[in-house]
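To start, the structure under review is shown below, and the notes come after it.
Counting begins at 1 with the first residue of the sequence.
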Amino acid sequence: MISVGAELAAVLWDMDGTLVDTEGLWSVTIGELAERLGGELSAATREDLTGSSLDRTVRAVRAEVGLDPDDPDGVTADGRWLIDRTAEVFGHGVPWRPGAREALAAVRAAGVPTALVTSTYRELTDVALDTIGRGFFDVTVCGDEVAATKPDPAPYRLAAELLGVDPHACVAVEDSPTGTRSAVAAGATVLVVPAEVAVEGGEHRVWRESLVGLTVADLRAALAGETLDGGDHRTRAAAH
């Protein structure tokens, strides 16, 4: 356990569901893909795909509607359609999660290095960044820029490497089980702010109900393993 007062080297931000409320937009476009392919997406599959990569998402949708999830041409074509459709939706603007913009600004004002670490592909991330603002981040790591996506630790390890910091001295801010597993496996402490689905308990995870009022002092406390908002919210998060 890193001791209280340990230096916070960087904050690594997830995007979808953490900073902006795009998981709901993804749910719409993924559902549209299923309908386009002649089927319907179940609630269980929608939940399972929260925070997932494009490739896994497309394969899961194809399997759900009875198509071959391993057909390379079909996966490529459906992935292209999903990217284009989601870019169209993102282009109308993406809604902020409560407190997210203010939290980003507070971290930036304190001079703490930051990275955006997302499973979303670069071309869609760039559309979302038109709303979020590129100036909040020193580096950005997207789903098509790593050998393996979340829950693999590769995205968070790459972000720390690009920033020149030890991931063990970083706090990742995540909303999903997939992203949380990725950050923990990379060595980071995770500030979990659940949105669409519950996040399982485990080590190196501190819960907070929202980003409203988040301070750099809170992030340092999370790195030290302290609970936030007056307590550990994993029970309430699990019931979300």
Side-chain angles (χ1 to χ4, degrees), residues 12-34 36-37 41 45-46 48-64 69-97 100 114-163 172-183 186 195-196:
L12 314 176
W13 302 91
D14 172 55
M15 185 176 75
D16 296 292
T18 298
L19 294 178
V20 286
D21 199 7
T22 48
E23 289 294 359
L25 304 181
W26 273 110
S27 181
V28 169
T29 59
I30 293 169
E32 289 177 348
L33 176 60
R36 181 173 181 269
L37 297 176
L41 203 62
T45 299
R46 286 178 190 269
D48 181 60
L49 291 176
T50 300
S52 188
S53 67
L54 179 73
D55 182 73
R56 179 172 179 267
T57 295
V58 171
R59 292 176 186 275
V61 171
R62 288 180 60 85
E64 181 100 329
D70 297 318
D71 173 18
D73 292 337
V75 170
T76 298
D78 293 339
R80 184 68 261 167
W81 184 91
L82 185 57
I83 289 174
D84 291 343
R85 175 60 182 141
T86 306
E88 181 183 359
V89 173
F90 280 16
H92 295 296
V94 291
W96 285 98
R97 292 289 297 162
T114 56
L116 183 70
V117 187
T118 177
S119 294
T120 299
Y121 279 20
R122 169 60 63 183
E123 62 183 283
L124 288 177
T125 300
D126 282 341
V127 175
L129 282 171
D130 289 339
T131 294
I132 299 170
R134 292 165 178 78
F136 285 122
F137 310 103
D138 295 295
V139 301
T140 56
V141 175
C142 298
D144 53 341
E145 298 171 342
V146 287
T149 57
K150 304 175 186 180
D152 191 275
Y156 280 105
R157 285 176 177 166
L158 177 58
E161 179 183 341
L162 291 173
L163 290 172
V173 187
E174 274 283 357
D175 73 299
S176 73
T178 299
T180 298
R181 290 195 295 270
S182 171
E196 296 294 325

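- Partner of R80 under the side-chain hydrogen bond (donor to acceptor under 3.5 Å, both in side chains) criterion, out of D78, D84, T76: D84 alone.
- Among residues two or more places apart in sequence or in another chain, the side chain to side chain contact (heavy atoms under 4.5 Å, CB included) test is passed with A160 by V165, P167.
- Taking all atoms of both residues into account, the shortest heavy-atom contact from T18 to A100 is O-CB, 4.2 Å.
- With values rounded to the nearest 0.5 angstrom, W96 atom CH2 is found 5.5 Å from I132 atom CD1.
- The side chain to side chain contact (heavy atoms under 4.5 Å, CB included) check on R46 picks up S27, L41, with sequence neighbours excluded.
- Atom CZ of residue R59 and atom CG of residue L54 lie 10.5 Å apart, to the nearest 0.5 angstrom.
- Considering every non-hydrogen atom in both A195 and D175, the closest pair reads CB-OD2, 3.8 Å.
- Partners of R36 according to the side-chain hydrogen bond (donor to acceptor under 3.5 Å, both in side chains) rule, which considers only residues two or more places apart in sequence or in another chain, do not exist here.
- Rounding to the nearest 0.5 angstrom, the gap separating the CZ atom in R56 from the NZ atom in K150 is 13.5 Å.
- Of the possible polar contacts, none joining the D130 side chain to the G91 backbone as a donor-acceptor pair under 3.5 Å is found.
- In this structure, T131 OG1 and F90 CZ are separated by 9.5 Å, a value rounded to the nearest 0.5 Å.
- The line from CG of D70 to CZ of R62 is 9.0 Å long, rounded to the nearest 0.5 Å.
- In terms of heavy atoms, L25 sits closest to P95 at CD1-CD, 4.2 Å.
- No side-chain donor from either of D14 and S176 sits under 3.5 Å from a side-chain acceptor of the other.
- Side-chain contact check for L19 versus R97: every heavy-atom pair is 4.5 Å or farther apart.
- Residue T57 is tested with L33, I30, T45 for a side chain to side chain contact (heavy atoms under 4.5 Å, CB included); the sole match is I30.
- By the 4.5 Å heavy-atom criterion applied to side chains, E174 and L12 are not counted as neighbours.
- Side-chain atoms of T140 never come within 3.5 Å of backbone atoms of L116 as a donor-acceptor pair (strictly under, hydrogens ignored).
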Evaluate the side chain to side chain contact (heavy atoms under 4.5 Å, CB included) criterion for residues L162 and V141: first the C-alpha distance (whole Å), next the side-chain angles of each, then the deciding distance (0.1 Å), finally the verdict. CA-CA 9 Å; L162 291 173; V141 175; 4.0 Å; yes
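- Under a 3.5 Å cut-off, the side chain of T86 and the backbone N or O of I83 do not form any donor-acceptor pair.
- Nearest heavy-atom pair across F136 and T114 is O-OG1, 2.7 Å.
- Using a 4.5 Å heavy-atom threshold, the side chains of T22 and T120 count as separate.
- Residues S119 and T149 bring no donor and acceptor atom of their side chains to less than 3.5 Å of each other.
- Y156 and G179 get closest at one heavy-atom pair: CE1-O, 3.9 Å.
- Shown here for F137 and A115, the closest heavy-atom pair between the two residues is CD2-C, 3.9 Å.
- T125 contributes atom OG1, which lies 7.5 Å from atom CD of E145 (distance to the nearest 0.5 angstrom).
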